[in-house]
Number of protein chains: 2
Amino acid sequence: MDVETGDREIRIALGVLEELAGYHLRRASTVFGNDFSRAMGGTGIRQVLFGILSVVAANPGINQGTAGRALGIQRANMVSLINELVDAGLIDRRTAEEDRRAFALTITPAGSDALAAGSKRIRKHEQRLLSDLSAEERRMLIDLLQRIEAKED
Amino acid sequence: MDVETGDREIRIALGVLEELAGYHLRRASTVFGNDFSRAMGGTGIRQVLFGILSVVAANPGINQGTAGRALGIQRANMVSLINELVDAGLIDRRTAEEDRRAFALTITPAGSDALAAGSKRIRKHEQRLLSDLSAEERRMLIDLLQRIEAKED
DNA sequence: TATTGTTATACTCTATAACTATA
DNA sequence: TATAGTTATAGAGTATAACAATA
């Protein structure tokens with residue numbers, strides 16, 4: 001790890017961390033998270049909100065809870081997130097006809113626009129972060145990550 | 001994405017998310033983070049603290065700020081983290097001789113023990129999460145992640 | 001004037017428990 | 001009785017600005 005120290009740059013050993021996949025996942029994920037913020041700066045759309053928009057767009061009428069479960073977001077935490085999206089006019093929330101306890105979520109035209117514009121921007125940013133990886137390596141990365149995600153719980 | 005819905009399990013499409021490396025990094029990183037908590041449950045050592053322990057052990061006498069920079073932790077946030085480790089008797093903090101503004105950090109014997117015991121546990125847990133990946137694929141994963149980390153800022 | 005560490009503060013994400021209304 | 005959504009709350013990670021001591 002190279003670190004700035006006032007005048008020059010020195011190499012700092014990370015110890016055990018260097019060999020731990022968990023550490024590198026965390027750092028790489030942070031790099032993407034920060035870049036996401038830059039990409040979406042000003043739109044008010046954060047990573048979680050973008051995720052919800054994407055899932056609702058892909059599953060019109062999906063329940064609030066089901067959408068949360070697909071994204072690993074707890075019921076309780078979904079409430080204010082959905083409020084934000086509804087208040088911003090990006091998704092529509094109405095009582096589900098088949099189950100009056102639940103909410104059916106759909107994306108609004110404005111939400112579709114925001115999702116499309118956001119996707120475009122984020123893809124461009126991801127290209128920069130992944131510019132050192134070949135197409136084959138990018139596929140490999142996503143494949144490896146998905147196999148790790150499957151280990152959840 | 002397969003999601004439990006009371007009686008059965010349904011497949012939910014993720015939309016654009018599916019193709020975004022940032023999303024998969026976040027999910028995979030969370031899986032590792034949760035597993036880390038389980039592995040270290042009760043010891044009070046969290047991911048960040050473990051990281052600091054590892055860097056201090058690998059760089060005896062390192063400055064507080066330099067250690068933070070190596071780990072992507074801001075000065076202001078290092079303060080309470082280092083306090084925790086000092087209070088727990090895991091690291092030693094003394095004024096640096098060459099620069100009396102700075103603190104020189106060293107790991108204590110108790111800190112070394114905690115780091116060794118923690119490393120052992122975490123390695124075992126990582127083996128479970130990575131059990132579907134071959135040795136070659138694990139090397140590949142870390143290599144790809146490091147190349148992404150290099151894109152920081 | 002710049003840097004090290006500090007304090008104060010705020011925002012986001014995540015986790016839990018208790019509540020309501022429907023099923 | 002179980003589930004969907006809600007409220008309240010708390011812990012943890014991260015970010016910024018302003019300050020004291022030292023360089």
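Just so it is clear, the values below take in all heavy atoms, side chains as well, and ignore hydrogens, waters and symmetry mates. Quick note on labels: first sequence line is chain A, next is B, and so on, each numbered from 1.
For residues 22-34 of chain B, the pairs satisfying salt bridge (Lys or Arg N to Asp or Glu O under 4.0 Å) are A/Glu152-B/Arg27, with sequence neighbours left out. Pairs of residues two or more places apart, or lying in two chains, that qualify as salt bridge (Lys or Arg N to Asp or Glu O under 4.0 Å) and include a residue from residues 122-131 of chain B are A/Glu19-B/Arg123, B/Asp35-B/Arg128. The salt bridge (Lys or Arg N to Asp or Glu O under 4.0 Å) analysis of residues 81-91 of chain B, with sequence neighbours excluded, yields the pairs B/Arg46-B/Glu84.
To the nearest angstrom, P of C/dC13 lies 16 Å from CZ of A/Arg26. To the nearest angstrom, P of C/dC13 lies 13 Å from CD1 of A/Ile82. In this structure, CD1 of A/Ile91 is placed 11 Å from P of D/dG5, rounded to the nearest angstrom. Residue B/Asn77 contributes atom CG, which lies 17 Å from atom P of C/dC13 at whole-angstrom precision. Going from atom CE of B/Met78 over to atom P of C/dT4 covers 12 Å, rounded to whole Å. Here D/dT14 presents its P atom at 17 Å from CG of A/Asp35, a figure rounded to the nearest Å. Between the P atom of D/dA2 and the CD atom of B/Glu4 lies a distance of 16 Å, rounded to the nearest Å. Counting to the nearest Å, the P atom of C/dT12 and the CG atom of A/Leu81 are 10 Å from each other.
One distance of note links CD of A/Glu149 with OG of B/Ser29; it measures 11.0 Å at 0.5 Å rounding.
When only modelled atom types and interatomic distance are considered, B/Arg93 and B/Asn83 share a side-chain donor-acceptor pair under 3.5 Å.
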Pairing annotation in dot-bracket form, given for DNA chain C with Watson-Crick or G-U pairs under 3.5 Å and | for cross-strand partners: |||||||||||||||||||||||
Classify every nucleotide of nucleotides 18-23 of chain C by which part a protein heavy atom approaches to under 4.0 Å, writing B for the base, S for the sugar-phosphate alone and - for neither, in 5'-to-3' order. ---BBS
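A donor-acceptor contact shorter than 3.5 Å links the side chain of A/Asp99 to the backbone of A/Arg101.
The pair B/Arg139-B/Asp143 does not count as a salt bridge, with every side-chain nitrogen at least 4.0 angstrom from each carboxylate oxygen. A salt bridge links A/Asp2 to A/Arg11: one of the charged nitrogens lies within less than 4.0 Å of a carboxylate oxygen.
The side chain of A/Gln74 contributes an N or O atom lying less than 4.0 Å from OP1 or OP2 of C/dA15.
Under the 4.5 Å side-chain contact rule for hydrophobic residues, A/Leu141 and B/Leu20 do not share a cluster. A/Leu17 and B/Leu145 sit in two unconnected hydrophobic clusters of ILVMFWY residues. Membership requires side-chain heavy atoms under 4.5 Å apart, directly or through other members.
Along DNA chain C, the nucleotide nearest to B/Asn34 and the one nearest to B/Ala76 differ in position, and the one closer to the 5' end is contacted by B/Ala76.
Of the residues A/Thr108, A/Asp92, A/Leu90, the one that meets the side-chain contact (heavy atoms from CB on, under 4.5 Å) test with A/Leu85 is A/Leu90.
Contacts with DNA chain D (heavy atom under 4.0 Å) in residues 37-70 of chain A: A/Gln64, A/Gly65, A/Arg69, listed by number.
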